[in-house]
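Single-structure report; data block below.
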Amino acid sequence: VVFKKREEVGGQAVTTVVDGKAYDLSTKYIPILTTHDEGPHPAFKKLLEEYKEELIITQPPVTWYFKSEEFSNIPPCLAGFERKKIILDMIKGFEVADVFNQYPGIHEVLDKGLTKKGETFYEWGVRKELEALTTLGAYLSDMFGAGPALEHSAAQALSYRQHYIVPYLWKIIRAALDKAEGLDALKLQFLKTFKTHPKLKEYLDKPDGEIPGGQFALKNGYQPLLQKIIETDKTEVRLSCPVTSLEWGEAKVEAGGMKKQIKKKISWLVTTTAAKSEGQGEEEKKSNLKEEEEEAEAKNGGDDDAAAATEDTTTTTTEAFDCVIVCGLGKFDFLPPKHPAKELLSMLKVNPGLETWLVELDSWDEEKFGKTNSIVFGERTTNFGTRKGLPYDSRPYALSKDYPDSNIVGCIAYPDDKLNQEEKEKLMREELKLEFGVSVKRVIGFRRFHWPVHVPPEAEKKDFFDKLHKLQGQRQLYFVGEAFSSAGVQACIDWIEEFMPWHFPMHNIELRHVSVHS
């Protein structure tokens with residue numbers, strides 16, 4: 001049984017369908033070339049085959065400079081490094097990515113001594129003399145809404161984007177080598193690294209156009225995939241049912257509306273307590289609430305007492321479970337009194353997050369941007385991958401266009417929550433016109449995400465992961481989620497493949513799919 005506080009399946013995955021085309025407002029892309037070689041993560045690929053879900057190939061992300069009106073494949077954050085330094089760091093980056101790929105989960109990374117407890121991503125780069133590599137890694141995290149990455153734990157940051165960094169390493173090295181006259185020794189080192197690397201040697205003789213640097217996207221979107229999994233496997237999911245208390249031997253669940261009390265023995269309970277994501281601004285929420293109240297009044301024949309009676313039918317259900325798995329971040333008020341996990345989990349932090357829009361444009365300049373492009377980053381990303389601060393101003397810094405025959409695009413911004421919905425929309429329209437030269441015809445959707453959940457360096461230094469590891473399974477209570485695996489679909493899959501057989505070997509579980517917030 002899965003209990004969800006929210007009224008819909010998907011967690012941080014949000015899909016909107018317009019004219020038969022799926023648009024994801026959060027989790028969206030899967031890199032084609034990763035540390036797992038070409039194609040999606042093996043476990044994810046198996047899941048897609050099992051549920052007959054199709055993938056579409058999109059273009060690799062690019063950065064657009066509107067002042068000079070040109071694209072660049074090399075992130076602006078690397079401009080301050082010498083070309084020799086960039087090449088050396090990127091060559092080393094393949095080895096770093098491969099090593100971190102072998103140890104999924106932040107606890108294992110720390111246990112193997114790949115990073116120091118409490119060490120920030122920036123400090124790790126300085127200690128390893130890989131400043132250009134960490135700058136690139138932080139850039140990838142910052143531009144997908146997970147910044148400021150250089151201030152995060154090194155173990156968390158390196159576990160997060162190690163899957164995604166490979167095609168960038170390749171492109172940057174190739175671009176740098178093309179202009180690296182007199183650096184023959186570096187070229188030889190580069191060739192030697194590739195020839196001995198089992199996954200990369202085959203790309204040596206390929207021209208740039210054949211290097212898999214693009215991305216996959218789910219044809220029908222992430223949220224429908226999760227819904228299909230639930231329907232196919234006949235998983236019992238109770239929406240709008242937050243867990244209000246958890247005592248030894250029983251879980252109490254608050255269920256709104258006219259839900260009946262159900263008392264039965266259940267083998268598994270998964271309670272999702274992920275950080276909130278909002279689909280509307282406050283003004284829109286008030287408007288919708290008023291409409292709901294008017295609708296309820298109409299259904300009850302305008303009888304105020306009847307409407308009030310409907311609201312008062314909330315029940316508390318008590319059920320017994322053999323095992324409880326807690327996903328994500330919350331206040332954990334439902335945990336038993338004085339449970340040691342309460343204080344520990346209170347150390348978790350969530351970034352200011354991001355907000356995304358789905359809009360239809362008046363037109364799209366195919367000559368400038370191409371018929372379609374997975375992501376076009378604007379010039380405001382120049383601080384990404386640095387410690388100069390991120391633009392928390394609700395002005396979009398990137399947009400994505402998934403279909404050549406549609407002018408519907410998504411765009412992303414770091415939020416300014418002092419602004420109301422109307423003010424945010426005005427800034428969004430202004431910035432898209434200024435940065436990319438496009439005009440918004442209509443707004444289709446909006447989502448505010450508080451993400452990612454992570455263990456800050458100061459908590460890591462206090463042995464957070466060792467303490468959590470000892471708590472796993474006590475009285476059959478387990479904790480999973482991005483805070484422990486690091487963010488991203490691929491990091492979660494890697495970690496859960498280790499977690500399940502470690503904690504549940506007696507069940508001989510074959511991992512077929514996992515539910516993650518990303």
Side-chain angles (χ1 to χ4, degrees), residues 4 6-30 53 55-56 58 61 141-147 215-228 272 274-282 284-285 288 328 350-361 372-378 394-403 406-417 419 421 424-425 427-429 431-432 436 438 440-453 482 487-489 515-518:
K4 289 186 63 66
R6 292 183 58 191
E7 69 284 352
E8 61 181 346
V9 169
Q12 300 283 38
V14 179
T15 303
T16 299
V17 178
V18 182
D19 297 330
K21 294 182 174 66
Y23 300 87
D24 282 313
L25 271 74
S26 55
T27 296
K28 193 180 186 87
Y29 297 118
I30 307 163
E53 283 295 311
L55 290 174
I56 55 176
T58 67
S141 293
D142 290 356
M143 72 182 190
F144 284 101
Q215 301 175 124
F216 289 120
L218 287 169
K219 183 178 181 179
N220 298 316
Y222 263 93
Q223 199 170 14
L225 170 61
L226 297 175
Q227 291 167 339
K228 181 185 283 189
T272 61
K276 62 180 179 178
S277 62
E278 302 158 2
Q280 305 162 327
E282 291 303 317
E284 191 175 353
K285 286 180 183 176
N288 285 356
V350 60
N351 284 11
L354 61 148
E355 54 193 22
T356 58
W357 296 85
L358 188 66
V359 300
E360 183 179 10
L361 303 178
T372 179
N373 218 313
S374 59
I375 306 179
V376 179
F377 292 95
S394 286
R395 290 182 177 272
Y397 59 81
L399 55 81
S400 64
K401 185 175 186 289
D402 295 334
Y403 302 98
S406 170
N407 284 339
I408 294 176
V409 303
C411 57
I412 181 175
Y414 278 106
D416 180 354
D417 289 329
L419 304 176
Q421 189 77 0
K424 289 185 176 187
E425 182 177 330
L427 288 175
M428 177 270 293
R429 289 173 177 270
E431 194 62 31
L432 290 186
F436 303 100
V438 296
V440 175
K441 182 178 181 180
R442 64 172 173 136
V443 174
I444 299 170
F446 169 80
R447 201 77 172 200
R448 169 73 171 91
F449 296 97
H450 297 260
W451 176 88
V453 182
E482 287 186 337
V489 172
S515 175
V516 297
H517 298 134
S518 177

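These numbers come from the heavy atoms of this one structure, side chains and all, not from hydrogens, waters or symmetry mates.
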Over all atoms of both residues, closest heavy-atom pair of [X] and [Y]:
X: M143; Y: Y397; answer: O-OH, 3.0 Å
X: P452; Y: E482; answer: CB-OE1, 4.4 Å
X: L226; Y: A13; answer: CD1-CB, 4.2 Å
X: H450; Y: P352; answer: ND1-O, 4.3 Å
X: K4; Y: V9; answer: CE-CA, 4.1 Å
X: P396; Y: L427; answer: CD-O, 4.3 Å

Flag side-chain contact, heavy atom, 4.5 Å: [X] against [Y]:
X: D19; Y: S406; value: no
X: Y414; Y: D142; value: yes
X: R429; Y: V443; value: yes
X: L361; Y: V440; value: yes
X: K401; Y: V409; value: yes
X: L55; Y: L218; value: yes
X: I408; Y: L358; value: yes
X: F449; Y: V14; value: yes

State the [atom1]-[atom2] distance between [X] and [Y], to the nearest 0.5 angstrom.
X: R395; Y: L432; atom1: CZ; atom2: CG; result: 10.5 Å
X: I444; Y: Y23; atom1: CD1; atom2: OH; result: 7.0 Å
X: W451; Y: Q12; atom1: CH2; atom2: CD; result: 8.5 Å
X: L25; Y: Y222; atom1: CG; atom2: OH; result: 14.5 Å
X: Q421; Y: E355; atom1: CD; atom2: CD; result: 8.0 Å
X: L399; Y: T356; atom1: CG; atom2: OG1; result: 13.0 Å

Would you call the rings of F377 and F144 parallel, tilted or perpendicular if under 30° counts as parallel and over 60° as perpendicular? perpendicular
Would you check if the side chain of Y403 reaches a backbone N or O of A22 as a donor-acceptor pair within less than 3.5 Å?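 Here the side-chain-to-backbone pair exists.
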Check whether any side-chain N or O of S394 sits under 3.5 Å from a backbone N or O of D416 as a donor-acceptor pair, and report yes or no.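 Yes; at least one donor-acceptor contact below 3.5 Å.
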Suppose we screen for salt bridge (charged side-chain N to carboxylate O under 4.0 Å, His left out). Which residues come up paired with K28, at least two apart in sequence or across chains?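 With neighbours one apart ignored, the set is D402.
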Is it the case that over 12 heavy atoms from other parts of the model lie below 6.0 angstrom from the NZ atom of K219?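 Counting neighbours around NZ of K219, 12 or fewer heavy atoms of other residues, nucleotides or ligands fall under 6.0 Å, so no.
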With E8, which residues qualify under side chain to side chain donor-acceptor pair (under 3.5 Å), at least two apart?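 In terms of side chain to side chain donor-acceptor pair (under 3.5 Å), with neighbours along the sequence ignored, E8 is linked to R6, Q223, R447.
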